[in-house]
Amino acid sequence: MERFKVFDVLHHEHLSLISLSLAEPVSLPGLFARLEEKDIKIKFLVSHHEDDGTLHLTFCVERSSLKTTHNTLLELPLKEDVINIQPEVGMVAIHGPHFAEEPGIINVMHRALASQGLQVLAISTTVSTSYFIIPASEVVRALEILREAFEIPRGKI
């Protein structure tokens, strides 16, 4: 089977994954503003709104920013005061081509990682990049798996 040609593979090994539910989605701009004030950068973000107004939010920050991020979140109106944290995660991402031009890239990436037993914790996709959050200890192995699954230009990992 012919492998997809991609532009490059991105990766990061020093992230923390945070999931929470906001009772008041209007507090989201306040969260972003507070994190920005503390120079905390969001490296990954997925959100989902429920019909009852609850906003479920999953995002990654640098591991070194986890404590400050957690303290900032405790100031928000959380639904059930539950913050789930996975302190040691990493990210691998396939960049390009435009997924509308080459359907199936996300499927190949997911199958390649899952078939080797890698736990996929979260996925976020744009029109040309698919980000997979996995345990930090698996990032190097994931890169090897992706080298086999995709045609990646030399020096683009």
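These numbers were taken from a predicted model, which means no experiment stands behind them. Just so you know, residue 1 is the first one in the sequence shown, and it goes up from there.
The two atoms that bring F59 and L35 nearest to each other are CE1-CD1, 4.4 Å, heavy atoms only. S47 and L55 get closest at one heavy-atom pair: CB-CD1, 3.9 Å. For the residue pair H110 and V120, the shortest heavy atom distance occurs at CD2-CG2, 4.2 Å. Between S130 and T125, the shortest heavy-atom distance links the atoms OG-OG1, 3.1 Å. When every heavy atom of P103 is checked against every heavy atom of F4, the shortest pair comes out as O-CZ, 3.4 Å. Taking all atoms of both residues into account, the shortest heavy-atom contact from F150 to M109 is CZ-N, 3.7 Å.
Within 6.0 Å of atom CZ in R111, 12 or fewer heavy atoms from other residues, nucleotides or ligands are found, so the atom counts as exposed in its surroundings. The neighbour count for E144 CD, taken as heavy atoms of other residues, nucleotides or ligands under 6.0 Å away, is above 12. By the 6.0 Å contact criterion, NZ on K38 is enclosed, its count of non-hydrogen atoms from other residues, nucleotides or ligands being greater than 12.
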Trace of the side chain to side chain contact (heavy atoms under 4.5 Å, CB included) decision for F44 with I133: CA-CA 9 Å; F44 172 92; I133 302 302; 3.7 Å; yes
Chi angles and distances behind the side chain to side chain contact (heavy atoms under 4.5 Å, CB included) call for I18, L57: CA-CA 8 Å; I18 301 165; L57 193 63; over 6 Å; no
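The shortest distance between side-chain heavy atoms of I83 and L74 falls below 4.5 Å. S124 has its side chain out of reach of L45: every pair of non-hydrogen atoms, C-beta onward, lies at least 4.5 Å apart. Contact annotation: the side chain of L113 approaches that of V92 to within less than 4.5 Å [non-hydrogen atoms, C-beta and beyond]. Side-chain contact between H11 and I157 is present, with at least one heavy-atom pair separated by less than 4.5 Å. For the pair E62/K41, no side-chain contact is recorded, criterion being any heavy-atom separation below 4.5 Å from C-beta on. Within the 4.5 Å cutoff, no side-chain heavy atoms of E88 are placed close to those of S137.
A continuous path of Ile, Leu, Val, Met, Phe, Trp and Tyr side chains, each step under 4.5 Å between heavy atoms, connects V139 with I94, placing both in one hydrophobic cluster. Under the 4.5 Å side-chain heavy-atom criterion for grouping Ile, Leu, Val, Met, Phe, Trp and Tyr, I105 is connected to L146 within one hydrophobic cluster. Hydrophobic clustering (side-chain heavy atoms under 4.5 Å, transitive across Ile, Leu, Val, Met, Phe, Trp, Tyr) keeps L118 apart from L17. The hydrophobic clustering, which links ILVMFWY residues whose side-chain heavy atoms are closer than 4.5 Å, places I40 and L20 together. Note on L31 and V61: same hydrophobic cluster, where clusters join Ile, Leu, Val, Met, Phe, Trp and Tyr whose side-chain heavy atoms are under 4.5 Å apart, directly or indirectly.
Annotation: the span from L10 atom CG to T129 atom OG1 amounts to 6.5 Å, rounded to 0.5 Å. The structure places CZ of R63 at 6.5 Å from NE2 of H14, a figure rounded to the nearest 0.5 Å. Rounded to the nearest 0.5 Å, atoms OG1 (T69) and NZ (K67) are 12.0 Å apart. The distance from the NE2 atom of H70 to the OG atom of S16 is 11.5 Å, given to the nearest 0.5 Å. Atoms CG and NE2, on L28 and H49 in that order, are 7.0 Å from each other to the nearest 0.5 Å. Taken to the nearest 0.5 Å, the CD atom of Q86 stands 9.0 Å off from the SG atom of C60.
With hydrogens and angles disregarded, a donor-acceptor distance shorter than 3.5 Å links the side chain of R3 to the backbone of R147. Under a 3.5 Å cut-off, the side chain of R34 and the backbone N or O of L73 do not form any donor-acceptor pair.
Using the six-membered ring where Trp is involved, H56 and H48 have ring planes that are parallel, under 30° apart on the 30 and 60° scheme.
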